[in-house]
Peer 1: 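Mind looking over this structure? Questions follow.
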Amino acid sequence: MQDTYTFREIPLQRPNTPLLDRIEVPAQLRELPAEQLTQLARELRAFLLWSVGQTGGHFGAGLGVLELTVALHYVFNTPEDRLVWDVGHQAYPHKILTGRREQMGTIRRKGGLAGFPKRAESEYDTFGVGHSSTSISAALGMAIAARMQNTGRKSIAVIGDGAMTAGMAFEALNHAGHLHANMLVVLNDNDMSISRNVGGLSNYFAKLLSSRTYNQVRDGSKKVLQGAPHLMALAKKTEEHFKGMIAPGTLFEELGFNYIGPIDGHDLPLLVETLENIRELDGPQFLHVVTTKGKGFAPAEADPIGYHAINKIEPVPPTRPEPVKSTPSRPKYANVFGQWLCDAAEQDERIVGITPAMCEGSDLLAFSQRFPDRYFDVAIAEQHSVTLAAGLACDGAKPVVAIYSTFLQRGYDQLIHDVAIQNLDVLFAIDRAGLVGEDGPTHAGAFDISYLRCIPNMVVMTPSDENETRQMLHTGMLFEGPAAVRYPRGTGPGAEIEPTLAPLPLGKGRRVRDGTTVAILNFGTLLAPALEAAEALDATVADMRFVKPLDEALVLELAEQHDLLVTLEENVVAGGAGSAVTEFLNSREVSQPVLQLGLPDTFIDHGKHTELLSDCGLDAEGIRERIAKRLQHVRLKAVK
């Protein structure tokens, strides 16, 4: 079984994996002799490539930590020892080794395995993962619980170097060092962003620094020198200087960790030996491993960003098919944003683009290349991105923060205190609003309307198509104060996009269909199913556009002309746009039946976006049925 594959070499039939097939739980893995682990890793890599080739999904990060995953489960007594993954993209090999091998064909599908660790799915998934940089805090909590319960179990956090850019990770490191917690942090350095010092010498010193002999001498020397503080200080500086010559661990040592590494994260025997040494050590340990994202798949090794995930791989037909005329693909909402930002920046040199590590996802690549001095990727630091924008706005810049809805939740305090209270001129381009399909509840933008509209000074816009997205972005940019435009993942209905940059009248909606009895007030990209349902019901449809300020005149007009108002949004009903309508009507003492349609008060699991909308009654048929049912109730009540 080979070590490196290309697209043509990815197995289209399930590969022969005799060792892997014997492993249903890690306890069986630990029964293997160490010399068989390399062969097991080869089989695991082949199986992972085959299974993801069948389903599509994340796999670059998983390929990079494959040997590390095997070594961790081999050395530590999981699930009794707590293994906590950061950024769940890297957990596919972990799932395969922990009893879910035969379910991998269901991953990210409705009713199937989640794409991330999920506590309800397996006892081996010790902590659910959605946002990054949470593993050290969670593992520290587990280490403290083990100390309180006197169990002796180990806690291991596996964090990627990208996730180490978040302040939360360093807050946890600082606390763990202060508590002298018995835990291990494994830094998966897959971009050589910290050190290139990997090789025979550093591997040798990693063995030395993790050995029991070295650490016994180290601890014994501290006891001997306790009565001589000057000699103790000299010894400590000597050790730091020695480590500093061979490893970039001074920072982690200062935080109270015993730093070991960097070592080759694909050298299984070395990983096992080092982890076995570390397992016997007390106190906070920090192991730095260097890996290659996409290891074993040549295209992913060459382009780790482009091959972060792949689509399902279709077999190549034996004969060349007739060429199919391609139709131009519709732009994604993120593409609309990226083009608008470049166009607006051409006209206004004050515009600055900010993203917390989502350059490609938010389509900021072109902007970063054309306006490098006005582009800031702050890494995984959402709070900082918001306050950075506030600081820029204080001195006359026009910052645009491109951020996913679920990630803006991390910067909520900064949004209120640093932007809104000071009424600063910051535009938030909120991507991935609403449900996000296969990524599930951790990535869904289900709450942004609710948590934004309650903030004074905010303008909140909900475009229904691509052209409105562009117009609203420009409206928000021209507005003097905080503004947000929320748009979904993927493509829109294919609306023609006007090349000119023109703002919309602030707080004004539009009637797009006139009917009788029922008026549907649509907020966002559910306009198409709303119109389809309206055709069957002969209902009026209004594209409200603004959640805040609400078009109060239009709401009153629709209330006067119809027996039932229906609000529609891809956001939780609780506190959403529908709540804004009912609150306004109550404030005017208007007695009007209102049916609020949106996401239910539950976390929506993963599945295709269309499936999830149907389950929530937010497709055309679901909207029609729920309106018809409420309308019948309204009529019966009127008769009584």
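In what follows, residues are counted from 1 in the order of the sequence shown. Note: hydrogens, waters and symmetry copies are ignored here, and every other heavy atom, side chains too, is used. Since we're looking at a predicted model, the values are computed, not measured.
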Peer 1: Any side-chain heavy atom of Ser368 sitting closer than 4.5 Å to one from Asp377?
Peer 2: no
Peer 1: Output yes when Arg432 and Asp439 qualify as a salt bridge under the 4.0 Å nitrogen-oxygen rule, no when they do not.
Peer 2: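 No, Arg432 and Asp439 are not salt-bridged.
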Peer 1: Return yes if some donor-acceptor pair links the side-chain N/O of Asp86 with the main-chain N/O of Ser133 below 3.5 Å, else return no.
Peer 2: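 Yes, because the side chain of Asp86 sits within donor-acceptor range (under 3.5 Å) of the backbone of Ser133.
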Peer 1: Ignoring hydrogens, what is the shortest heavy-atom contact between Arg410 and Gln414? Give both atom names and the distance.
Peer 2: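 For Arg410 versus Gln414, the nearest heavy atoms are O-OE1, 3.9 Å.
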Peer 1: Could you report the tightest heavy-atom contact between Ile354 and Leu392, atom names first, then the distance?
Peer 2: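 Smallest heavy-atom distance, with atoms named: CD1-CD1, 3.7 Å.
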Peer 1: Got a salt bridge between Lys118 and Asp605, using NZ or NE/NH1/NH2 to carboxylate O under 4.0 Å?
Peer 2: yes
Peer 1: Using ring pair (Phe, Tyr, Trp, His ring centres under 6.0 Å), reason through Phe116 and His443 one step at a time and then give a plain yes or no.
Peer 2: CA-CA 11 Å; Phe116 308 98; His443 285 58; 4.9 Å; yes
Peer 1: Find out whether Thr291 and His266 are in side-chain contact, i.e. whether some heavy atom of one side chain is under 4.5 Å from a heavy atom of the other.
Peer 2: yes
Peer 1: For the residue pair Ile107 and Tyr92, establish whether any side-chain heavy-atom pair is separated by less than 4.5 Å.
Peer 2: yes
Peer 1: Side chain to side chain contact (heavy atoms under 4.5 Å, CB included) for Val84 and Val129? Distances and angles first, verdict last.
Peer 2: CA-CA 9 Å; Val84 183; Val129 181; 5.9 Å; no
Peer 1: So, are Glu121 and Lys95 salt-bridged, with charged N and O less than 4.0 Å apart?
Peer 2: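 Judged by the 4.0 Å cut-off on N to carboxylate O distance, Glu121 and Lys95 do form a salt bridge.
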Peer 1: Would you please classify the geometry between the Phe447 ring and the Phe603 ring as parallel, tilted or perpendicular, with 30° and 60° separating the classes?
Peer 2: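 Rings of Phe603 and Phe447: perpendicular, over 60°.
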Peer 1: Once you round to the nearest 0.5 Å, how far does CD of Glu466 lie from CD1 of Ile497?
Peer 2: 5.5 Å
Peer 1: Going through the checks in order, is the side chain to side chain contact (heavy atoms under 4.5 Å, CB included) test met by Val400 and Phe337?
Peer 2: CA-CA 11 Å; Val400 180; Phe337 163 72; 3.9 Å; yes
Peer 1: Donor-acceptor check, side chain of Arg489 to backbone of Val436, threshold 3.5 angstrom: yes or no?
Peer 2: yes
Peer 1: For the OH atom of Tyr412 and the OH atom of Tyr451, what is their distance to the nearest 0.5 Å?
Peer 2: 8.5 Å
Peer 1: Dump the intermediate steps for side chain to side chain contact (heavy atoms under 4.5 Å, CB included) on His609 and Glu570, then the final yes or no.
Peer 2: CA-CA 11 Å; His609 186 242; Glu570 198 173 335; 2.8 Å; yes
Peer 1: For Glu583, is the CD atom crowded, meaning more than 12 foreign heavy atoms sit under 6.0 Å from it?
Peer 2: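 Atom CD in Glu583 is crowded, with more than 12 foreign heavy atoms closer than 6.0 Å.
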Peer 1: Does any non-hydrogen side-chain atom of Asp363 lie less than 4.5 Å from one of Lys332?
Peer 2: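 No, too far: nothing below the 4.5 Å cut-off.
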Peer 1: To the nearest 0.5 Å, how far apart are CE in Met461 and CZ in Phe479?
Peer 2: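 Output value for this atom pair is 8.5 Å.
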Peer 1: Would you indicate whether the side-chain heavy atoms of Leu599 and Glu569 approach each other to under 4.5 Å?
Peer 2: no
Peer 1: What is the ring orientation for Phe407 with Tyr404, classed by angle as parallel under 30°, tilted 30 to 60°, or perpendicular over 60°?
Peer 2: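 The arrangement is parallel - the two ring planes meet at less than 30°.
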Peer 1: Check Asp348 against Met477 and note the closest heavy-atom contact, atom names and distance.
Peer 2: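 Closest approach of Asp348 to Met477, heavy atoms only: OD2-SD, 4.2 Å.
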Peer 1: Grab the two heavy atoms, one from Val378 and one from Pro356, that are nearest each other, plus how far apart they are.
Peer 2: CG2-CA, 3.8 Å
Peer 1: Compute the ring centroids of Phe371 and Tyr375, then answer whether they are less than 6.0 Å apart.
Peer 2: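 Judged by ring-centre distance (under 6.0 Å), Phe371 and Tyr375 do not meet the cut-off.
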Peer 1: Look at the side chain of Arg330 and the backbone N and O of Gly492, then say whether any donor-acceptor pair between them is shorter than 3.5 Å.
Peer 2: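 Indeed, once roles are kept as given, a pair shorter than 3.5 Å links the two residues.
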Peer 1: Does the Ser155 side chain pair with the main chain of Leu140, one donor and one acceptor, at a distance under 3.5 Å?
Peer 2: no
Peer 1: Do Phe546 and Leu554 touch side chain to side chain, with heavy atoms closer than 4.5 Å?
Peer 2: no
Peer 1: Checking side-chain contact (heavy atoms from CB on, under 4.5 Å) between Gln285 and each of Asn258, Val185, Asn182, Val186, which is the one that passes?
Peer 2: Asn258
Peer 1: Restricting to non-hydrogen atoms, name the atom on Ala446 and the atom on Asn571 that form the minimum distance, rounded to 0.1 Å.
Peer 2: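 Nearest pair, atom of Ala446 first, then Asn571: O-OD1, 3.0 Å.
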Peer 1: Evaluate the ring planes of His175 and His178, with Trp represented by its six-membered ring, and classify them as parallel (under 30°), tilted (30 to 60°) or perpendicular (over 60°).
Peer 2: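 Aromatic pair His175/His178 classed parallel.
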Peer 1: Pick one: which of Glu171, Met168, Met183 meets side-chain contact (heavy atoms from CB on, under 4.5 Å) with Ile136?
Peer 2: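 Going through the options one by one, the only one that passes is Met183.
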Peer 1: Apply side chain to side chain contact (heavy atoms under 4.5 Å, CB included) to Val547 and Leu452, showing your working.
Peer 2: CA-CA 9 Å; Val547 176; Leu452 288 172; over 6 Å; no
Peer 1: For the CD atom of Gln339 and the CG atom of Leu473, what is their distance to the nearest 0.5 Å?
Peer 2: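 CG of Leu473 is found 12.0 Å from CD of Gln339.
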Peer 1: Any luck finding a side-chain donor-acceptor pair between Asp431 and Ser362 under 3.5 Å?
Peer 2: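 Side chains of Asp431 and Ser362: no pair found under 3.5 Å.
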Peer 1: Is the closest side-chain heavy-atom distance between Val386 and Phe428 below 4.5 Å?
Peer 2: yes
Peer 1: Hey, what do you get for CG (Leu365) to SG (Cys342), rounding to the nearest 0.5 Å?
Peer 2: 9.5 Å
Peer 1: I'd like to know if the side chain of Arg82 reaches the main chain of Ala143, judged simply by a donor and an acceptor atom lying under 3.5 Å from each other, with no hydrogens or angles considered.
Peer 2: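 Such a contact is absent between Arg82 side chain and Ala143 backbone.
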Peer 1: Under a 4.0 Å threshold between the charged nitrogen and the carboxylate oxygen, would Glu498 count as salt-bridged to Arg470?
Peer 2: no
Peer 1: Spell out, as yes or no, whether a donor-acceptor pair under 3.5 Å connects the side chain of Thr355 to the backbone of Met358.
Peer 2: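 Such a contact is found between Thr355 side chain and Met358 backbone.
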Peer 1: Taking the inter-plane angle between the rings of Phe252 and Phe170 on a 0 to 90° scale, is it parallel (under 30°), tilted (30 to 60°) or perpendicular (over 60°)?
Peer 2: parallel
Peer 1: Side-chain contact, heavy-atom cut-off 4.5 Å: Asp413 with Gln383?
Peer 2: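 A side-chain contact is absent here, since even the closest heavy-atom pair is not under 4.5 Å.
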Peer 1: Using modelled atom types only, decide if a donor and an acceptor are shared between the side chain of Ser405 and the backbone of Gly434 within a distance under 3.5 Å.
Peer 2: no
Peer 1: Please check if the number of heavy atoms outside Arg370 that lie under 6.0 Å from its CZ is greater than 12.
Peer 2: yes
Peer 1: Could you state the interatomic distance from CZ (Phe286) to CZ (Phe257), rounded to the nearest 0.5 Å?
Peer 2: 7.5 Å
Peer 1: Gly509 and Asp551: which non-hydrogen atoms are nearest, and at how many Å?
Peer 2: N-OD2, 2.8 Å
Peer 1: Is it the case that the side chain of Ser450 and the backbone of Ala574 share a donor-acceptor pair, with hydrogens and angles ignored and the cut-off at 3.5 Å?
Peer 2: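 Judged by distance alone, yes, a pair lies under 3.5 Å.
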Peer 1: Keeping the roles fixed (side chain from Arg374, backbone from Ala345), state whether a donor-acceptor pair exists under 3.5 Å.
Peer 2: yes
Peer 1: Counting N and O atoms only, with roles assigned by atom type, does the side chain of Thr582 sit under 3.5 Å from a partner on the main chain of Ser579, one being a donor and the other an acceptor?
Peer 2: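 Such a contact is found between Thr582 side chain and Ser579 backbone.
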